Amino acid sequence: LVNADSFVAYKWNTLAVGADLNQWYTSGSSVAFLGPKAVWQVSNSVSANAGVGFPVWQDAPQYEKNSCVVGLGVSIGF
């Protein structure tokens with residue numbers, strides 16, 4: 001499994017909004033998702049993010065194909 005992620009964003013203080021390109025390569029399938037993403041830096045050690053990815057390229061069996069992916073996350077640093 002290999003994953004590559006690129007995020008290009010415009011920042012306003014603690015909020016970043018932009019486009020996210022996420023690529024996944026596994027044995028037997030691969031896919032690239034492109035879509036909007038937002039990241040909010042709540043504090044120095046806490047951030048929250050949300051995004052939606054739509055497949056722009058897929059090489060997978062028909063039963064594994066994706067129509068979209070939704071992601072939500074919280075990051076806590078120590």
Side-chain angles (χ1 to χ4, degrees):
L1 171 68
V2 175
N3 174 246
D5 191 25
S6 300
F7 181 47
V8 178
Y10 183 81
K11 288 185 159 189
W12 294 284
N13 296 322
T14 60
L15 180 66
V17 178
D20 187 46
L21 175 62
N22 199 320
Q23 302 170 58
W24 290 87
Y25 300 96
T26 64
S27 60
S29 66
S30 52
V31 62
F33 296 103
L34 178 64
K37 181 178 177 181
V39 177
W40 177 36
Q41 191 70 38
V42 180
S43 69
N44 287 337
S45 60
V46 178
S47 67
N49 69 69
V52 178
F54 300 97
V56 292
W57 176 76
Q58 292 189 74
D59 181 16
Q62 184 63 33
Y63 61 88
E64 291 181 3
K65 295 215 182 243
N66 299 286
S67 57
C68 75
V69 173
V70 177
L72 300 169
V74 173
S75 174
I76 300 172
F78 296 97

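Note that the structure is a prediction, hence the values are computed from the model and not measured.
Among Val39, Val74, Leu72, the one residue that satisfies the side-chain contact (heavy atoms from CB on, under 4.5 Å) test with Asn49 is Val39.
Atom CG of Asn3 sits in a crowded spot, with more than 12 heavy atoms from other residues, nucleotides or ligands closer than 6.0 Å.
Between the side chains of Trp24 and Asn22, at least one donor N or O lies within less than 3.5 Å of an accepting N or O.
Within the model, atoms CG of Leu21 and CZ of Phe7 stand 12.0 Å from one another, a figure rounded to the nearest 0.5 Å. To the nearest 0.5 Å, atoms OG (Ser67) and CD (Gln58) are separated by 8.5 Å. For the atom pair Asn13 CG and Gln41 CD, the distance stands at 12.5 Å (nearest 0.5 Å).
Follow the hydrophobic side-chain contacts under 4.5 Å out from Val69 and you never reach Val2; the two are in separate clusters. By the rule that hydrophobic residues join a cluster once side-chain heavy atoms approach within less than 4.5 Å of another member, Val42 and Leu15 end up as members of one cluster.
Residues Thr14 and Trp40 form a side-chain contact, since some pair of their non-hydrogen atoms from C-beta on lies under 4.5 Å apart. At least one side-chain heavy atom of Trp57 sits less than 4.5 Å from a side-chain heavy atom of Ser30. Counting heavy atoms from C-beta on, the side chains of Asp20 and Asp5 come closer than 4.5 Å.
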Mind running side-chain contact (heavy atoms from CB on, under 4.5 Å) on Tyr10 and Val17 for me, showing each step along the way?
CA-CA 6 Å; Tyr10 183 81; Val17 178; 5.8 Å; no
